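Owing to the predicted nature of the structure, the values given are computational and were not obtained by experimental measurement.
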Amino acid sequence: MARHTTPDKQLDQQQEDEQTEALAKAAAAVTRKAMFRYRHAIAPHATALGVWGAGMALHLAEVPVWQVLAGEAAAYAAAATVRALIPATRKPLSFRWWQAGAGAWLPAADVLGAFGAMQSLYFAAAGLWTVPYVWRNRDYIVRPEKKRRALGAAQAKELEAADPIVIRWAQKTAGKKGALADSKLTNREEFVRGGAEGTRYRIVLDGQTTEGAMLARKRICSDFGVAINFVHVEEPDDGAQNAATVTFLKRLAVVESELWTEPLLDMETGILPVGPFEDGWGDAALQVWEPGSGPLPVGIFGAMRTGKSSILKIAAAEFARTEGRIVLDYLDPQDGQSCPSLLPYVPHALGIDAIRERLYAYQAEMQRRRALLSQIEWTDEDGVTQRGVQSYDHPGVHGMPMLVIAIDEFHLVARHEDLATIVHDILAEGSKCGMTVWTLDQNVYVAGMGGGDVLALVTSGNIVVLRVSDRRIASATFGERMTAYPHLIKIHFPGTQNKTKGCGYLLGATDRPVMMRARHIPKMGAVMRGMPAMTVKLPKITVADDAEPARRKGKGRRAPAIAAADVVDLDAAAQMPSLAQADVAAAQETVLSLLADAGQGLTGPELVAQSGLPLPVAFRVAGALVEQGRARRTGDQYVIAEKEQVA
């Protein structure tokens, strides 16, 4: 017989269901709140209970103790493998003392059982283990039920009044003779972000400007007795010119080098993150190209072994994943010694002769692209057909890849007037055709950059300045656009033995006056595995050996003729000089004699100049002597070993 309900009963049932649902939601909310509030105390108790349960299960299942030990060894080995392969898991999977305790307790519980005295001792130890966690996070457990905004304001006022940074600021920096007299610190904000830890404030200025506050950074560091890395002064988010933002760091985010693990290039905006800032607030980034405009030049400067090639490796790994839309061509006048790990994966030209041929080919390619783009037809928003495009919109447009010509040791190329002229023309006009130049060098002196015109074009794009020895390099590159201190970067981080390789300042898609550190690629083969080698086809040209240098104002010889049917293979292996065994021995004796006469040692360029050996041969011989223990490296110099005797 069917069961019928009246409308009144249906209404009562609906109300009862709604009450049940409301109670369930309230219970869930209370549970979530309790889980969040007591989360620091729940984790150790849950771990202790889980380990105890595992031991009891092993005992009841009569698992042989050797199997338990083998399982633990396999688990530890697996964790170690994952930590080695995936850097992001190193901290979560790091070995801790309670893991050792659990590993020792499980075999004992498997043999003796988890009940009785053993159980009591285990839970007593686990309870003592949780005490520090509970005490350390007691504020989360006894947090009063107040409105967060009111509580935050009250706490901020109390903290600022007792804050030693605020007190010292008022006494020193804001004093009558201080760097920022009568200024105040407000809006205190503690943070732990991206591996960095510190406190941020808003500076309320009295009679000073934001620019003046940024220039006072060194004096602020002096007031607080810290290195330049631990204080940052920047423009506030609202852009007010009577205020600034200051950050005091306790821990830097860049002390440990971060590995490149995934592509980060944004193909819509052209922004390429390079590495984290030292305060942990985001990444420094290059503007590789501007949508609707074209690629931008990049200048990378720094002393020897400061990590200039790290940025090239990042670019190669990123561009290889663009399916041929961006190509990095590497030009090295030092025959490939500057960054040999890059050569198997990118087209390259080694030595001045090969670079000259390549740059003339790029000059012809720019002319070809310009003629092609001027004939392209397109329809505007009014439906009218137009001919010719003014700019290179995005990588791969019109079937033309974006060409990035990276020239290492640029001063060796710029000393040749015809090559400096071609580089100048590509920097000035190549962006419209999808071509640009990345320059890498140790300095930015006008003479070494092929003249002031070339330097001005290089510094109009992206600038990366790593550790340098001359404080004038920052002003020659960044100018008034950014206040930076690359000359104050030390070889090691203050108080540590960690090297600062890859650390510097970047002006591009980001322009924060905060030191960053480029991500590291220890093995190019690992990140390029499975990636197709980058290739590009250029018109084949012939450059006469006795060619007159081209003149920047149009005078001089014409560009070489183009053979339209031929192309240059940019993937050909580099031809390195080879020596017979007798010649190697003679070269080694020559180098050893020069080192013995020098006393304090010789740098690589000095060794090449005095020995008369080809550059790659001289470096190869010197490296072999170091491997044999007959010489050693001290900074940038080769020094003869004390035990070595030279005839």
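Arg200 places none of its side-chain heavy atoms less than 4.5 Å from the side chain of Asn187. Looking at heavy atoms from C-beta onward, Ser310 lies out of side-chain contact with Trp260 at the 4.5 angstrom threshold. The closest side-chain heavy-atom distance from Gln337 to Asp335 is not below 4.5 Å. By the 4.5 Å heavy-atom criterion applied to side chains, Trp438 and Ile407 are not counted as neighbours. The shortest distance between side-chain heavy atoms of Ile165 and Tyr201 falls below 4.5 Å. With a 4.5 Å cut-off on side-chain heavy atoms, Val274 and Leu506 count as touching. Residues Tyr505 and Tyr485 are in side-chain contact: their nearest non-hydrogen atoms beyond the backbone lie under 4.5 Å apart. Counting heavy atoms from C-beta on, the side chains of Met402 and Arg325 never come closer than 4.5 Å.
For the atom pair Met531 CE and Thr322 OG1, the distance stands at 10.5 Å (nearest 0.5 Å). Note that the CD atom of Glu197 and the NZ atom of Lys250 stand 5.0 Å from one another [nearest 0.5 Å]. Rounding to the nearest 0.5 Å places CD1 of Ile491 at 10.5 Å from OG1 of Thr306. In this structure, CE in Met528 is found 7.0 Å from OH in Tyr345, a value given to the nearest 0.5 Å. We find the CE-CD distance between Met515 and Glu278 to be 4.0 Å, quoted to the nearest 0.5 Å. Atom OG of Ser309 is separated from atom CD1 of Ile300 by 9.5 Å, given to the nearest 0.5 angstrom.
In this structure, Val254 and Pro276 approach most closely via the heavy-atom pair CG1-O, 3.6 Å. In terms of heavy atoms, Pro344 sits closest to Ser341 at CD-O, 3.6 Å. The two residues Ala631 and Leu595 make their nearest non-hydrogen contact at CB-CD1, 4.2 Å. Shortest non-hydrogen contact noted between Ala641 and Gly629 is CB-O, 3.4 Å. The shortest non-hydrogen separation linking Ile489 to Cys503 is CD1-O, 3.8 Å. Across every non-hydrogen atom of Pro347 and Val536, the tightest pair is CG-CG1, 4.5 Å.
Side chain of Gln287 to main chain of Trp289: a donor-acceptor pair is present (N/O by atom type, distance under 3.5 Å, no hydrogens or angles). Formation of a donor-acceptor pair under 3.5 Å by the His232 side chain with backbone atoms of Val514 is not found in this model. Side chain of Arg517 to main chain of Val255: a donor-acceptor pair is present (N/O by atom type, distance under 3.5 Å, no hydrogens or angles). In this structure a side-chain-to-backbone donor-acceptor pair under 3.5 Å is present from Lys308 to Ala303. Side-chain atoms of Asp332 come within 3.5 Å of backbone atoms of Ser338 as a donor-acceptor pair (strictly under, hydrogens ignored). Of the possible polar contacts, one joining the Arg251 side chain to the Gly195 backbone as a donor-acceptor pair under 3.5 Å is found. For the pair Arg321 (side chain) and Glu318 (backbone), a donor-acceptor distance under 3.5 Å is absent. Within the 3.5 Å criterion, the main-chain N or O of Val346 finds a donor-acceptor partner in the side chain of His348. Looking at Thr500, its side chain does come within 3.5 Å of a backbone N or O of Lys490 through a donor-acceptor pair. With Arg217 contributing its side chain and Val231 its backbone, the two residues share a donor-acceptor pair below 3.5 Å.
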Q: Apply the test side chain to side chain contact (heavy atoms under 4.5 Å, CB included) to residues Val246 and Leu185: give CA-CA distance (whole Å), side-chain angles for both, the deciding distance (0.1 Å), then the verdict.
A: CA-CA 9 Å; Val246 61; Leu185 293 185; 3.8 Å; yes
Q: Run the numbers on Met534 and Phe319 for side chain to side chain contact (heavy atoms under 4.5 Å, CB included), then give the verdict.
A: CA-CA 8 Å; Met534 284 185 271; Phe319 297 167; 4.0 Å; yes
Q | Verdict with reasoning, Cys339 to Tyr330, per side chain to side chain contact (heavy atoms under 4.5 Å, CB included) | A | CA-CA 9 Å; Cys339 188; Tyr330 180 60; 3.6 Å; yes
Q.
Does Thr247 form a side-chain hydrogen bond (donor to acceptor under 3.5 Å, both in side chains) with Asp279? I'd like the steps, not just the answer.
A. CA-CA 8 Å; Thr247 304; Asp279 63 354; 4.9 Å; no
Q: Could you walk me through whether Met482 and Ile463 pass side chain to side chain contact (heavy atoms under 4.5 Å, CB included), step by step?
A: CA-CA 11 Å; Met482 192 170 79; Ile463 296 296; over 6 Å; no
(Q) If you apply the rule salt bridge (Lys or Arg N to Asp or Glu O under 4.0 Å), what do you find for Arg519 with Asp283, and how did you get there? (A) CA-CA 10 Å; Arg519 292 186 175 88; Asp283 275 7; 2.5 Å; yes
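Residues that satisfy the salt bridge (Lys or Arg N to Asp or Glu O under 4.0 Å) test with Glu234, not counting sequence neighbours, are Arg512. Remark: Asp441 engages no residue in a salt bridge (Lys or Arg N to Asp or Glu O under 4.0 Å) (not counting sequence neighbours).
Between Phe248 and Trp169, the two ring planes are perpendicular [angle over 60°; tilted spans 30° to 60°].
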